[in-house]
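All values reported here derive from a predicted model rather than from experimental measurement. Note that these values count all heavy atoms, side chains included, but never hydrogens, waters or copies made by symmetry.
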Amino acid sequence: MIGIAAIYSDELIQFGGQTLTANIVTMSVFGAIVMYIISMLALFKLRRTAPNMERSFKAPFYPYFPAFALGAAVISLVTMVYYNQLVAGVFAVFLVLGYLYFLLTGRQRQVAPMDLMLEE
């Protein structure tokens, strides 16, 4: 519904010199790059903290290819921020708000498994 409204209002709403749809796509790219960076960092941390854990996949030429991928993703993120500073700011605000929501609902997530067990 929001996507359809964005398409029809594309020419009416401009933000940061781009149409609304272009900004939505740019924000999704920010999200994808950040998640990719987090995944690469998690790979390195898990390999360091649990080196003998059984893996369901192999990272080819570890640690060289993953390090290259991490470096390329960081360069991509820096470039995206440089060329889209206003959208990056909005993305950062949404990221902080999402994290705050995550922190504030932590107690509910801890209680939720117990509620499910009590219903059974």
Hey, can you tell me if F44 and Y62 have their rings parallel, tilted or perpendicular (30° and 60° cut-offs)?
->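 Because their plane-to-plane angle lies in the 30° to 60° range, the rings of F44 and Y62 count as tilted.
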How long is the gap from [atom1] on [X] to [atom2] on [Y], to the nearest 0.5 Å?
X: M40; Y: I37; atom1: CE; atom2: CD1; result: 10.5 Å
X: L41; Y: L70; atom1: CG; atom2: CG; result: 5.0 Å
X: T105; Y: L100; atom1: OG1; atom2: CG; result: 10.5 Å
X: I24; Y: Q18; atom1: CD1; atom2: CD; result: 11.0 Å
X: L104; Y: L97; atom1: CG; atom2: CG; result: 10.5 Å

Item to complete: Apply side chain to side chain contact (heavy atoms under 4.5 Å, CB included) to F91 and N84, showing your working.
Response: CA-CA 10 Å; F91 176 77; N84 300 285; over 6 Å; no
### Same apolar cluster (I L V M F W Y, side chains within < 4.5 Å links), V34/L86
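The answer is yes; both residues are in one hydrophobic cluster.
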Practice task
Give the cluster check for L43 versus F65: same hydrophobic cluster or not, with ILVMFWY residues linked at side-chain heavy-atom distances below 4.5 Å.
Solution key: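 No; F65 is not reachable from L43 via cluster members.
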If you look at every heavy atom in [X] and [Y], which pair is closest and at what distance?
X: Y36; Y: A69; value: OH-CB, 3.5 Å
X: P66; Y: P60; value: CD-O, 3.9 Å
X: I33; Y: A73; value: CG2-O, 3.5 Å
X: S28; Y: V25; value: OG-O, 2.6 Å

With a 4.5 Å limit on heavy-atom distance, are the side chains of [X] and [Y] in contact?
X: R47; Y: R55; result: yes
X: M80; Y: V87; result: no
X: F30; Y: L95; result: no

If you link ILVMFWY side chains whenever their heavy atoms are less than 4.5 Å apart, which other residues fall into the same cluster as L103? By chain and number, please.
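Members other than L103 - counting any ILVMFWY side chain reachable under 4.5 Å - are Y99, F102.
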